[in-house]
There are 2 protein chains.
Amino acid sequence: MSAKHSINQVYSMDLSERSRKVLQAVIDSYIETGLPVGSAVLVKKYEFNLSSATLRNIMAELEELGYLTHPHTSAGRMPTDRGYRYYIDTIISFEREQPSFSGELAQAEALQSGEIHQLMEEASQFLARLSHHAGVVVAPAEPEGLYRHIEFVRLRGNEVLIIFVTNTGAVMNKIVDMDEAISQHDLNAFSGYLDEELEYRTLPEVRQRLLELLREEKAGFLKLFERAYRASQEIRERESEKVFIGGASQIIDSPEFTDIEKIRALFRAFEDKYKLIKLLDKSVAAQGIKVFIGSENPYFEMQDCSLVVGSYKAGSAIGTLGVIGPVRMHYKQVIQVVDYTSRLLSRILDERLKKGIDR
Amino acid sequence: MSAKHSINQVYSMDLSERSRKVLQAVIDSYIETGLPVGSAVLVKKYEFNLSSATLRNIMAELEELGYLTHPHTSAGRMPTDRGYRYYIDTIISFEREQPSFSGELAQAEALQSGEIHQLMEEASQFLARLSHHAGVVVAPAEPEGLYRHIEFVRLRGNEVLIIFVTNTGAVMNKIVDMDEAISQHDLNAFSGYLDEELEYRTLPEVRQRLLELLREEKAGFLKLFERAYRASQEIRERESEKVFIGGASQIIDSPEFTDIEKIRALFRAFEDKYKLIKLLDKSVAAQGIKVFIGSENPYFEMQDCSLVVGSYKAGSAIGTLGVIGPVRMHYKQVIQVVDYTSRLLSRILDERLKKGIDR
DNA sequence: TATTAGCACTCATAAAACATGAGTGCTAAA
DNA sequence: TTTAGCACTCATGTTTTATGAGTGCTAATA
């Protein structure tokens, strides 16, 4: 599914079928147990018709190629980041249908009626529950939907509350300070004017049009235009900052995080939402799922973690979501969960969107 | 400041001035270093003109009374929860003015213009930063402010978006499904009607009045009334569920939490926002700061923590806020921080409120 | 009577010594 | 090319052995 990291490494040829099977067995076993895998274990658990000595030779080979390591001489083998990479890129395969999730699906569908941010919050918990790791959902930079209505409410002489509404029912608001008092009557007139002017536009178009109108305007609502435009900018920034993290405590459950220092660093990173956003947003270039394994991770606070990222679309806007967990995670399952959730979320948002289209 | 736990214990009399000083010294030293305090340390660090032997006798006495313990025979003394309780109730004193915070104050003031939830989010981080523990802010069960405006936006035939606005600029919204189509024109008429009917009422009054109007209503807007009322209920529940936790990772820094199990339990508890709300809300009976020390804590997941809780008022509504940290915390400082923040937050909200009053 | 010096005793903690066994790499035979 | 065999390594766990901080108690002292 991911390509970036495999593109300039042609490793599919330099491994015999047998070696690949051994690598898979080692990784499978290690993912399952968390214990370094010795040659004897391979003989017992898997059906190679080979002796432990032969398997030792093969593993030594795989180690030379950088796919496995040794914690120390007398220990079994465990995968390196590179080993995991190979495993994901060329060994395991994915099926789309996930009948095992269907029980949980009903619950997710129930979200449909909720508020959009609540939906994302619950989606992050959904990810966490299914993956047994931390789930993250980042709201799209641009809220979904088309312009539907703008309302100005005068709070006090100079303070005016601006409310934007999209046809999907998203509500965004901002208090602005006008330099001079404006009557509610004038505000209503302006609102009506904008409703006609901006109807059915996407939000980027709205901002664009506001800017044009602002420039055309000779007098009258000049100040109001200017404030509305600025508000639309600020709202956009504010909305795009929303991150939802579910099941962060699951991280602690992983036996790999015995080291308090690592846990601390990780939770610090979780608190720095801005970084998280950048991390996820940067990660997702196109469609599909992308996996970052340990050291591949752009943020070094997270180099003990792996990251499985996907995207979902809300109309024209694109949001990101993913799972953060230890490097030793059940990639196949997690990738399927992320894939499933991203499509689920897209579908739910799509339905909301469709509802709004013919108002 | 707190009384609950000291009311039925008359311990102020049964301790000599000297014993009290020793208890204070032990607790001070323990809070500072985290190490059990031996008699020799007391001689060195504090100016009792007593030998270590005498201090040993006094400490043995304090132990008998239940204020101190021994981890083992050959270790120094450390406070029990009861010891901390005595310490807080009758030994330390608090000053209101906190010049050391003033540097941070400016930053907090800057919050004033932000959205209310962002304000609370930042307040939780403010608490965390100043206390070096986790900071929690719970939104008031009832949003501040008075009725200002209601807006109905038709999204699609049967779906209507209801937006409530208070005179403080709080915006709450909810999508409802009408059984039959209603024109935007009718919705506007209804909105105008409600604006006249509900102006300047508090939100509980609004709900009350809506219910009355609903009963009086023979026909016409009956269904709309009913939906508006139900929306107001649901919004209330939703709004009251907001909890903001800042600096949760600070918890991990405390050397007391070496035990991964404890950390995990705690973070689980943090994720269960509903419980947190109950915890804080139940804790604050009246004005003032309340302290829960270790086992005094109503939730056993948190019996290794202490809790310093305060309240703030937003108009007629009351919200809670506090700090959660290890039992060995710098109570004096933390109490001052919570006290300070609660008054700061009240003041900021009050100013917002005043602005709204003469619209 | 209150305080203190002195001393035997306790026990957590750290270091050292030792045993165990899982798992390896290598060699030589099959 | 595979495998049996064996010496070797080294993390992990256990036992042993100091070390010393800190106590409680007793008897001397002010």
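Atom set for the values below is all heavy atoms of this structure, side chains included, hydrogens, waters and symmetry mates excluded. So you know, we letter chains A, B, ... as the sequences are listed, proteins then strands, and number each from 1.
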Worksheet item: Within the structure, does a side-chain N or O atom of B:Arg77 lie under 4.0 Å from either OP1 or OP2 of D:dT23?
Response: yes

Worksheet item: Within the structure shown, what part of the strands sits under 4.0 Å from B:Thr54 by heavy-atom distance: base, sugar-phosphate, or nothing?
Response: base

Discussion item. Of the listed nucleotides (C:dT4, C:dC7, C:dC11), which one gets closest to any side-chain atom of B:Arg56?
Written reply: C:dC7

Worksheet item: Can you check the B:Lys45 NZ to D:dG22 P distance for me, whole Å?
Response: 12 Å

Worksheet item: Would one find a side-chain N or O of B:Arg18 under 4.0 angstrom from OP1 or OP2 of C:dT3?
Response: yes

Item to complete: Determine: side-chain N/O of A:Ser74 to OP1/OP2 of C:dT24, distance under 4.0 Å, yes or no.
Response: no

Practice prompt. Quickly work out the A:His70 NE2 to C:dG25 C1' distance and round it to whole Å.
Written response: 9 Å

Worksheet entry | Closest listed nucleotide, where the reference is the side chain of B:Met59 and the choices are D:dC10, C:dT4, D:dT23 | D:dT23

Response to the item:
A:Leu62 CG to C:dT24 P, in whole Å, measures 13 Å

Worksheet, complete the sentence: A:Asn49 atom CG is separated from D:dT1 atom P, nearest whole Å, by 19 Å

Discussion item. Go through it in stages, so that I can follow the logic: the residues are B:Tyr86 and B:Arg20, the test is side chain to side chain donor-acceptor pair (under 3.5 Å), and I'd like the CA-CA distance, side-chain angles, deciding distance and then a yes or no.
Written reply: CA-CA 9 Å; B:Tyr86 186 93; B:Arg20 212 181 292 159; 3.1 Å; yes

Worksheet item: Within the structure, does a side-chain N or O atom of A:Ser51 lie under 4.0 Å from either OP1 or OP2 of D:dT2?
Response: no

Discussion item. Can you measure B:Leu35 atom CG to C:dT13 atom P for me and round it to whole angstrom units?
Written reply: 11 Å

Fill in: Ion pair B:Asp272/B:Lys278, N-O distance below 4.0 Å
no

Discussion item. The side chain of A:Ala53 is closest to which nucleotide in this list: D:dT3, D:dC10, C:dC11?
Written reply: D:dT3

Worksheet item: When all nucleic acid strands are considered with a 4.0 Å heavy-atom cut-off, which category describes B:Ser39: base, sugar-phosphate, or nothing?
Response: sugar-phosphate

Item to complete: Apply salt bridge (Lys or Arg N to Asp or Glu O under 4.0 Å) to A:Lys45 and A:Glu32, showing your working.
Response: CA-CA 12 Å; A:Lys45 272 184 30 182; A:Glu32 191 193 333; 3.6 Å; yes

Practice prompt. Could you tell me the separation between the CZ atom of B:Phe48 and the P atom of C:dT3, rounded to a whole number of Å?
Written response: 13 Å

Worksheet item: Separation of B:Glu61 atom CD from D:dT23 atom C1', in whole Å?
Response: 16 Å

Worksheet item: Do A:Glu64 and A:Glu61 come within less than 4.5 Å of each other through their side chains, counting heavy atoms only?
Response: no

Worksheet item: Of all the choices, D:dT3, D:dG24, C:dG25, which nucleotide is nearest to the side chain of A:Asn57 once you look at every atom?
Response: D:dT3

Worksheet entry | Geometric class of the B:Phe267/B:Phe270 ring pair [parallel <30°, tilted 30-60°, perpendicular >60°] | perpendicular

Worksheet item: Given atom NE2 of A:His72 and atom P of D:dT9, what is their separation to the nearest angstrom?
Response: 14 Å

